[in-house]
Amino acid sequence: MCSKTKNSEALKVVVRCRPINRKEEAAGYDRIVAMDVKLGQVTIRNPRANPGELPKTFTFDAVYDASSKQTDLYDETVRPLIDSVLQGFNGTIFAYGQTGTGKTYTMQGFWAESDKKGVIPNSFDHIFTHISRSQNQQYLVRASYLEIYQEEIRDLLCKDQSKKLELKENPESGVYIKDLSSFVTKNVKEIEHVMNLGNQARSVACTNMNEHSSRSHAIFVITIECSELGVDGQEHIRVGKLNLVDLAGSERQSKTGMNGDRPKEASKINLSLSALGNVISALVDGRSTHIPYRDSKLTRLLQDSLGGNAKTIMVATLGPASHHYDETLSTLRFANRAKNIKNKPKINEDPKDTLLREFQEEIARLKAQLEKRGMLSKKRRRNSRRKKSVDGESIPDTEAEEENEDNLIEKNVGSYLKEQAERLQQEKAAIQEDHSLLEEEKMKMIEEKEKMMEDLTKEQKATEMLAVKFKVILFQYRHKPILIIIQYICMA
């Protein structure tokens, strides 16, 4: 149930750096990260650099320094993506970085404080505010919540947390999780309740680097179905899916001070993040014939988001302290590779609706070209015939208007070009009769007019072809049910 697309779109990558914390200040660590917000650049200095070694600079779609607000990131980077999901596109937002750099704060923030709400609660407000203001549209919003813990998928909304879910693949809809719970939500309060239930079941633990370290990758999925009445009097449905991903952080055992189950958890986390890095490298190197999506559950679930049918934003989070130079540099290099990924997002809709929308777009484009050439007067189109409705009010007669456009094009193509040709002939004759001009000047001016006549002939052919194309497309659009049936028969 997807539309065709002609253009690819780069994965959008932004970088955010948290403030230096009390532990780092007490330990006397230096700040090694500098950001130029205007240029979208991050500069990192090696604290162990040899004399003369220059800092490394990376450029991204946007950067947010330690003084940035949650709303800055949301309004500038995330809001356009949520608008696209409401239009029927798939969208993914994920935070990537070392543990303790602010991924969960960026994605969730503090829900009780409006200025500290993260991407997820702000997106809830955005979605339901849009729905409340919409007219002539009906929406259905469903929410699911899952985590990948030690390479096993758990439904965070299921009562039985011991149940492990399976990944499946459908030729039409792609990768999905069998038996994943889904709850219909009608407002912000209900969808927040769904997320709170899931958060209570998430795997977190205390480490030396993060008091509330995520021990799993969590994905909150919002599916938005929109139904509206089209100009043909039929219901048309679009489905947008939003993946809100809070990744567990990459970490080193020597720095986290872990014991018990923690080293095993860290090993699984690092393996899945390594698989994510391998997928990104394979997508951008231009030589790989195989993309290793199947190397981890995470990369399989994000398959559409990385090189597929989705608009994707990656938020890379950094720590500013010298103690984490290697990890920070690794995150920047990872993010720098990711910005070269090309996705192919498309509106998720019925193929019949896609065809009709493409007809409408092509008709509008051709009309604009004909109007530019003077073949279709805007004024005359507005003065097209009207007919009376049952209650006596005057309404546009669409069929009469389209028939009028056909006649107008045929008439204008001939008359416009004829007028131009006659004018050029008159100007040429006037030059020949002008005795005040030298013979050399006359010849030069006559050659110019003849060149203009040649150009006019070419324009006449191009305009006639454009007019024919417009009439063909218009005919196809008027007889769209027949054409769609024919198309399906041919495909079968």
Side-chain angles (χ1 to χ4, degrees), residues 10-21 31-37 39-45 55-70 72-74 76-78 81 91-109 118-120 209-210 213-214 217-219 243-252 269-270 272-281 283-284 298-299 302 305-307 310-321 324-343:
L11 186 144
K12 190 169 188 177
V13 180
V14 302
V15 173
R16 190 179 197 187
C17 184
R18 64 161 172 79
I20 199 162
N21 62 34
R31 296 174 189 268
I32 57 167
V33 174
M35 289 188 156
D36 189 322
V37 176
L39 294 178
Q41 290 184 339
V42 181
T43 300
I44 181 170
R45 175 179 57 82
K56 295 176 175 61
T57 300
F58 301 84
T59 303
F60 299 98
D61 293 295
V63 299
Y64 297 91
D65 59 21
S67 65
S68 66
K69 299 176 182 177
Q70 296 278 55
D72 296 338
L73 173 68
Y74 189 85
E76 293 168 14
T77 298
V78 180
L81 183 138
T92 296
I93 306 162
F94 69 94
Y96 174 90
Q98 178 194 12
T99 189
T101 52
K103 294 182 301 302
T104 300
Y105 176 74
T106 294
M107 293 303 293
Q108 302 220 29
V119 166
I120 292 173
M209 295 178 69
N210 188 357
S213 175
S214 300
H217 308 303
I219 305 176
N243 295 311
L244 298 162
V245 186
D246 182 10
L247 296 177
S250 57
E251 51 194 30
R252 295 188 179 185
I269 289 167
N270 290 339
S272 65
L273 292 175
S274 176
L276 179 62
N278 292 338
V279 165
I280 289 173
S281 295
L283 284 167
V284 302
L298 176 66
T299 49
L302 293 181
S305 307
L306 301 169
K311 291 173 176 278
T312 302
I313 295 170
M314 172 183 167
V315 183
T317 57
L318 310 175
H324 305 305
Y325 170 76
D326 293 331
E327 292 87 348
T328 301
L329 181 60
S330 175
T331 298
L332 286 169
R333 284 173 171 162
F334 181 95
N336 197 52
R337 290 200 307 275
K339 70 183 184 181
N340 295 309
I341 293 174
K342 300 291 183 184
N343 285 358

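Model, not experiment: these values are computed from the prediction.
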Minimum heavy-atom separation for Y64 and T77, please, with both atom names.
OH-OG1, 2.7 Å

Of all heavy-atom pairs linking A338 and M314, the shortest is CB-SD, 3.7 Å

Here the pair of heavy atoms bringing T317 nearest to K103 is OG1-CG, 3.2 Å

If we check side chain to side chain contact (heavy atoms under 4.5 Å, CB included) with V42, which of these qualifies: T57, L318, D36, N336?
L318

Side-chain donor or acceptor of N343 paired with backbone N/O of G307 under 3.5 Å
yes

Rounded to the nearest 0.5 Å, how far does OG of S68 lie from CE of M35?
8.0 Å

Side-chain heavy-atom pair P55, T43 within 4.5 angstrom cut-off:
yes

For the atom pair CG (D61) and CD (E76), what is the distance rounded to the nearest 0.5 Å?
12.0 Å

Can you see whether R16 engages T106 through a side-chain donor-acceptor pair at a distance of less than 3.5 angstrom?
yes

Counting distance only, does the side-chain N/O of H217 pair as donor-acceptor with the main-chain N or O of A248 below 3.5 Å?
yes

For a quick check under 3.5 Å, do T312 and T92 share a side-chain donor-acceptor pair by atom type?
no

Identify, with sequence neighbours excluded, every residue that meets salt bridge (Lys or Arg N to Asp or Glu O under 4.0 Å) alongside K342.
none

Could you walk me through whether L244 and I219 pass the side-chain contact (heavy atoms from CB on, under 4.5 Å) check?
CA-CA 6 Å; L244 298 162; I219 305 176; over 6 Å; no

Among residues at least two apart in sequence or on other chains, which ones pass ring-ring contact (aromatic ring centres under 6.0 Å, His included) with F334?
Y96

What closest approach, in Å, do S305 and A310 show between heavy atoms, and which atom pair accounts for it?
CA-CB, 3.9 Å

Return the minimal non-hydrogen interatomic distance between R31 and I20, and the atom names on each side.
NH2-CG2, 3.1 Å

Closest heavy-atom pair and its distance - H324, Q98
ND1-NE2, 3.3 Å

If we only count heavy atoms from C-beta on, is the F58 to L329 side-chain gap below 4.5 Å?
yes

To the nearest 0.5 Å, atom SG of C17 lies from atom CD1 of I32 at 9.0 Å

In the structure I gave you, are the side-chain heavy atoms of V245 and I93 within less than 4.5 Å of one another anywhere?
no

Kindly indicate whether the side chain of V33, heavy atoms from C-beta on, has any atom under 4.5 Å from the side chain of T328.
yes

Quick one: pull up NZ in K311 and CG in L81 and give me the separation to the nearest 0.5 Å.
7.5 Å

Separation between CG of L11 and CD1 of I280, rounded to the nearest 0.5 Å:
7.5 Å

Side-chain heavy-atom pair V315, F94 within 4.5 angstrom cut-off:
no

Under 4.5 Å between any side-chain heavy atoms of I313 and V13, yes or no?
no

Measuring only between side-chain heavy atoms, which start at C-beta, is V14 closer than 4.5 Å to L73?
yes

Please round to the nearest 0.5 Å and tell me the distance separating atom CD of Q70 and atom OH of Y105.
4.0 Å

Is it the case that the side chain of T101 and the backbone of G97 share a donor-acceptor pair, with hydrogens and angles ignored and the cut-off at 3.5 Å?
no

Is it true that atom NZ of K69 has more than 12 heavy atoms of other residues, nucleotides or ligands lying nearer than 6.0 Å?
no

